[in-house]
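Encoded as structure tokens, the structure appears first; notes follow it.
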Amino acid sequence: MQAPMAGAQDAELPFKDPDLPLDERVDDLLSRLTLDEKLSLLHQSQEPIPRLGIPYFKAGTEALHGVAWSNDLNDNWDQVLATRATVFPQAVGLASTWNPDLITEVGSAVGDELRAYNSIDPVLWGLQVWAPVVDLLRDPRWGRNEEGYSEDPLLTGAISTAYGKGLSGDDPDHLKVAPVLKHFYGYNNEADRSLTSSNLPPRVKHEYAQAAFKHAIEADAATGVMASYNMVNGRPTHVDPDIDEVVRSWTDKDLYNVSDAWGPRALVELQEYFDDHDEAYAAVLKAGLDGFTVDGSDAGPTTAFLKSALDKGYLSIADVDESVRNVLSVRFRLGHFDPDGGPYGHIGEEALDTPAHRELNRRTAEEALVLLDNAAGTLPLDPDATGSVAVIGPLHDTLFSDWYGGTMPYEVTPLDGIEQRLGGDADVVGVEGIDRLTFRDVETGHYLTATGTGTGDRVVATDDATEASQWDFNEWMADYATLRNAENGRYLTGDGGAYNTSSEEPGGWYVQQQFRLEEQEDGTYVIQYVGYETNEGWWWIPEHYITVAADGTVGTGSKADAARFEADVVNSGIDSAVAASAGADAAVVVVGSQPFVYGREIHDRETLVLGTSQQKLVEAVTAANPNTVVVLETSYPTTMQPQPDTLLWTTHAGSETGNAIAGALFGDVNPAGRLTQTWYSGTDDLPSIFDYDIISAGMTYMYYDGNPLYPFGHGLSYSGFEYSKLKTNGKAVGGDGRIKVSVDVTNTGEHAGDEVVQLYTSQRESRDTVAEKTLREFQRVSLEPGETTTVTFDLRASELARWDVTRDRWVVERSVYDVLVGASSADIRQQATLRVNGEVIPPRDLSKSTRAVNFDDYSGVRLVDESKERGTSVEGDDGAWVKFADARLRQRTTTFTARVASAGSGEGSIEVRLDSPTGPLAGTASVESTGGVYEYTTVSGSVSLPGAAFTRDVYLVFDGDVRLASFTIS
């Protein structure tokens with residue numbers, strides 16, 4: 001399908017005149033559309049309207065770290081990968097540069113390349129991009145860690161704003177492309193992601209989860225948000241009114257907000273939040289979403305549901321017009337209705353994979369490198385004294401893209417990069433270091449054997465051990481492994497209970513190339529199939545172990561029926577690695593993750609540990625050659641036992657990975673990337689992945705009180721940097737004042753290098769638990785040896801604000817603040833104090849209606865939806881409680897009044913206690929069933945309070961299944 005051209009007869013229509021104001025153009029076009037045409041514009045796949053010369057438009061091209069893929073309208077909506085676009089480092093790597101200016105350049109390059117693809121096929125490659133991902137990296141076990149930027153909202157906001165500005169372009173009236181922020185909000189687990197609810201108390205919601213999204217919207221660096229799959233406080237985000245009421249309050253531009261794929265249908269078919277689709281779709285629209293990403297390219301069901309909603313009064317025409325206006329506004333800004341396509345309409349395929357983009361990609365990969373450890377001073381290697389290098393490991397000569405990455409137009413692997421850097425005179429040897437095994441079934445004596453590379457060429461068990469019976473075994477993360485056949489080079493692949501070797505690499509939505517070897521007491525092994533589809537509800541096989549029948553048929557069955565294999569080593573990867581490295585001038589071991597294995601969208605990780613086979617390889621090579629450098633290439637924090645003394649980390653960094661690594665190894669590049677999330681020592685330091693309250697759980701650098709493996713902001717250099725002469729523009733400032741902070745930074749080393757200067761504050765006094773440190777600003781500066789520069793920060797006192805639960809608003813508290821400047825959150829070099837003359841939060845006045853969710857502490861309660869439209873209640877059962885601190889109580893005898901709901905059949909109650917959950921009982925209000933969780937009533941009970949006027953902590957203790965929306969003690 002080609003985009004239709006406007007006819008000469010309608011060239012004079014006002015909406016086609018780029019000289020008219022945007023609002024007039026939108027009004028004119030909106031007035032010309034029929035209802036059916038309006039509704040069709042609310043779907044992801046927007047059919048052309050030939051009578052008005054309106055072309056086809058597809059919302060949602062993936063461009064997280066380069067143009068990645070889109071869906072083919074003419075081929076069953078299949079995924080089409082970009083093959084000529086620049087693949088930049090993964091998103092977490094982009095953020096590791098701590099360089100917003102650089103990331104703006106990256107975003108601009110990606111925008112140019114999407115424009116190029118759009119010029120080639122405007123139907124396939126739509127100009128609305130679903131990027132960047134702004135979800136905070138609260139928990140490193142999250143399967144989508146590679147897609148996000150940081151655990152910190154300010155850093156996430158800075159990088160997302162930079163990427164979004166680059167994508168959007170710098171024209172004041174037009175967009176290069178239209179970025180959409182993913183995924184609003186409170187989304188950080190893949191397990192049951194549509195069925196789990198993220199408990200976000202008000203402070204966590206405002207200060208953390210939503211704060212990250214505000215930056216790019218406020219800076220007009222994004223044109224909307226995508227709702228997330230999860231629920232927040234009991235309500236699906238697809239019908240969360242904050243999308244309309246909060247997100248849109250951050251800007252005066254029209255936003256085009258969209259659903260996630262299938263999200264609207266999930267409201268009925270999975271979450272069962274609504275009984276009927278028309279009601280659900282109406283709620284989606286009224287909550288502030290303007291685009292329905294559902295049913296592939298078929299807009300028919302969406303149109304039908306919305307028409308039914310109009311007929312039933314769930315929606316009005318005004319509701320529809322408002323959303324259509326938002327869609328059209330962004331399409332106009334993209335130049336969709338300009339005769340010449342707007343200022344970016346000229347960009348063509350000449351913008352793809354240009355030399356400038358290759359250079360930018362290399363620079364980005366270099367700036368993203370993080371030197372985690374250099375305890376022995378091994379790095380940088382001297383290229384003149386390094387005549388021989390052994391480059392070892394499963395990632396030594398391969399590069400990986402990921403689910404939201406395109407196909408690399410070229411690849412420079414670590415081996416390639418080192419060979420090119422040292423030139424032809426050096427002896428550079430590459431060794432994969434992977435064991436090659438045979439698996440002999442002890443029952444039949446048969447060997448697990450490949451028969452071909454087609455999906456119908458089933459793996460069998462044969463009498464004779466041939467090369468087709470040999471398997472290269474590598475544990476990527478934890479004990480998740482792949483098995484690559486020695487004869488055909490393809491990977492063992494699950495296929496509905498049978499197995500073949502059809503896969504060139506692990507990949508696809510259901511990654512079927514994952515296995516786990518389980519050693520038995522007798523020394524044999526069973527092989528468990530752990531492909532991703534085994535977690536799906538439709539998977540019919542209860543256990544997933546390889547079985548071998550007497551006739552050699554290989555299948556899947558229970559563990560009790562699993563074949564027991566003798567695993568014999570044909571070639572030892574460690575032996576070959578040790579042999580290659582022992583006599584070399586240096587050894588470089590490149591280990592890490594495969595982006596599709598053990599963690600990705602839909603699949604979280606249970607551990608952070610690097611695969612055992614890779615850890616053994618690192619230990620053996622390090623023992624054989626003391627001049628060993630370990631390069632860790634992963635999408636997320638990873639632990640090893642023991643941790644190497646020389647460790648360089650990179651994410652999967654795209655085509656230029658090898659050049660970047662080689663440059664850092666030999667000192668052409670001085671690493672200056674910094675970690676954007678805490679690297680914990682292990683999962684023992686982490687609460688449940690479903691615990692979103694970072695304050696009570698003690699998560700992220702802000703609230704974690706343990707000793708991390710590597711702290712937030714960490715990264716070493718080949719240079720030393722000295723900090724001195726920290727100054728502030730005074731000792732005190734008002735709550736609405738400005739704070740100027742300056743510090744001198746000197747390069748005391750022998751290498752030119754970059755330092756990331758980080759400014760934190762720490763609030764000494766507060767009514768509430770506050771972060772130990774909070775990042776406020778940062779700058780990446782470049783310094784020659786001996787050079788000094790003065791780094792200046794301009795901080796507004798209003799940026800110190802936090803959410804006051806007692807009054808439902810932001811507040812800058814009166815306090816002494818420590819101003820902390822350093823090289824990481826744990827490496828503070830200079831410190832000053834500053835008094836901020838802000839507010840003192842007064843004692844609570846519980847005689848006024850108090851929202852139950854505005855508690856100060858809690859135990860055992862759940863945050864739930866007060867109604868399907870808005871509001872949050874607190875739900876508790878036996879023994880659960882909420883605390884309201886510093887309550888000013890004025891009378892001896894008073895009344896406790898509460899707005900409650902209960903769907904239970906028995907009687908419950910809410911007790912009023914003082915000082916603790918088991919403290920003096922002041923009163924009780926009984927709660928009988930109200931008939932449903934959304935059926936609220938008012939209950940009351942007498943409360944006897946000692947004294948005349950005093951300030952105490954009040955606890956409300958639940959008995960029975962009760963929802964509490966609000967209360968008073970008056």
Side-chain angles (χ1 to χ4, degrees), residues 95 98-101 136 149-162 203 206-208 210-216 218-219 674-678 694-695 700-704 711-715 723 726-745 755-766 768-781 790-803 810-838:
W98 290 61
N99 189 343
D101 290 340
L136 293 163
Y149 290 136
S150 173
E151 69 182 25
D152 179 77
L154 182 136
L155 179 57
T156 296
I159 301 299
S160 61
T161 297
R203 285 190 57 205
H206 291 286
E207 296 175 19
Y208 191 68
Q210 291 187 353
F213 289 85
K214 184 178 181 181
H215 296 268
E218 196 171 48
R674 299 293 185 263
L675 296 181
T676 67
Q677 61 190 130
T678 302
I694 63 166
I695 299 175
T700 77
Y701 78 95
M702 291 183 280
Y703 296 99
Y704 181 61
F712 173 81
H714 171 75
Y723 290 61
L726 178 66
K727 298 177 183 178
T728 62
N729 62 330
K731 298 297 184 182
V733 68
D736 58 353
R738 302 181 77 88
I739 306 157
K740 290 188 180 296
V741 180
S742 64
V743 66
D744 286 356
V745 180
E755 174 75 336
V756 178
V757 184
Q758 301 164 41
L759 171 67
Y760 298 86
T761 64
S762 180
Q763 183 177 341
R764 289 190 183 181
E765 306 101 14
S766 175
D768 301 312
T769 299
V770 292
E772 179 183 349
K773 296 184 187 76
T774 303
L775 181 69
R776 299 301 183 184
E777 287 194 32
F778 60 89
Q779 286 187 35
R780 180 165 175 154
V781 295
T790 300
V791 177
T792 301
F793 299 106
D794 190 5
L795 178 66
R796 293 189 300 272
S798 60
E799 295 171 10
L800 303 175
R802 61 177 195 79
W803 191 256
W810 292 98
V811 60
V812 177
E813 280 191 288
R814 180 183 301 171
S815 177
V816 172
Y817 290 76
D818 291 317
V819 178
L820 312 168
V821 179
S824 81
S825 61
D827 186 6
I828 301 302
R829 307 289 184 83
Q830 291 279 289
Q831 179 172 335
T833 59
L834 181 75
R835 173 161 289 281
V836 177
N837 296 315

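The heavy-atom pair separating Ala732 from Leu834 by the smallest distance is N-CD1, 3.7 Å.
Note: Trp803 and His206 have parallel aromatic rings, judged against thresholds of 30 and 60 degrees for the angle between ring planes.
When the side chain to side chain donor-acceptor pair (under 3.5 Å) test is applied to Thr678, the partners found at least two apart in sequence or on another chain are Glu151. Not counting sequence neighbours, the partners of Glu799 by the salt bridge (charged side-chain N to carboxylate O under 4.0 Å, His left out) test are Arg796.
Looking at Trp98, its side chain does come within 3.5 Å of a backbone N or O of Arg674 through a donor-acceptor pair. The backbone N or O of Ser150 lies less than 3.5 Å from no partner atom in the side chain of Gln677, so there is not a single donor-acceptor pair. Remark: the backbone N or O of Glu813 is not paired with any side-chain donor or acceptor of Arg802 at under 3.5 angstrom. A donor-acceptor pair under 3.5 Å links the side-chain atoms of Glu765 to the main chain of Val816, judged by distance alone. The backbone N or O of Tyr149 lies less than 3.5 Å from a partner atom in the side chain of Thr676, making a donor-acceptor pair. Listed for the Asp818 side chain is no donor-acceptor partner under 3.5 Å among the backbone atoms of Leu820. Using modelled atom types, one side-chain atom of Gln758 and one backbone atom of Gly713 make a donor-acceptor pair closer than 3.5 Å. Side-chain atoms of Gln779 come within 3.5 Å of backbone N or O of Thr792 as a donor-acceptor pair. Listed for the Lys773 side chain is a donor-acceptor partner under 3.5 Å among the backbone atoms of Ser825. Remark: side-chain polar atoms of Ser766 are paired, donor with acceptor, to backbone N or O of Asp768 under 3.5 angstrom.
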(request) Under the side chain to side chain contact (heavy atoms under 4.5 Å, CB included) rule, what do Thr700 and Asp152 come out as? Steps first, then yes or no, please. (result) CA-CA 8 Å; Thr700 77; Asp152 179 77; over 6 Å; no
(message) Checking Thr761 against Gln763 for the side chain to side chain contact (heavy atoms under 4.5 Å, CB included) test, could you report, in this order, the C-alpha distance in whole Å, the side-chain angles of both residues, the deciding distance, and whether it holds?
(response) CA-CA 7 Å; Thr761 64; Gln763 183 177 341; over 6 Å; no
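A heavy-atom distance below 4.5 Å is not found between the side chains of His215 and Ile159. In this structure, the side chains of Met702 and Pro153 come closer than 4.5 Å at one or more pairs of heavy atoms. Taking the side chain as every heavy atom from C-beta outward, Ile695 and Tyr208 never approach each other to under 4.5 Å.
To the nearest 0.5 Å, the span separating CD1 on Ile694 from OH on Tyr701 amounts to 9.0 Å. From Leu675, atom CG reaches atom NE2 of His714 across 6.0 Å, with rounding to the nearest 0.5 Å. Remark: Ser160 OG to Lys214 NZ distance equals 13.5 Å, nearest 0.5 Å. Within the model, atoms OH of Tyr760 and OG1 of Thr774 stand 10.0 Å from one another, a figure rounded to the nearest 0.5 Å. Taken to the nearest 0.5 Å, the OG atom of Ser798 stands 9.0 Å off from the CD1 atom of Ile739.
Side chains of Thr833 and Arg764: no donor on one and acceptor on the other come within 3.5 Å.
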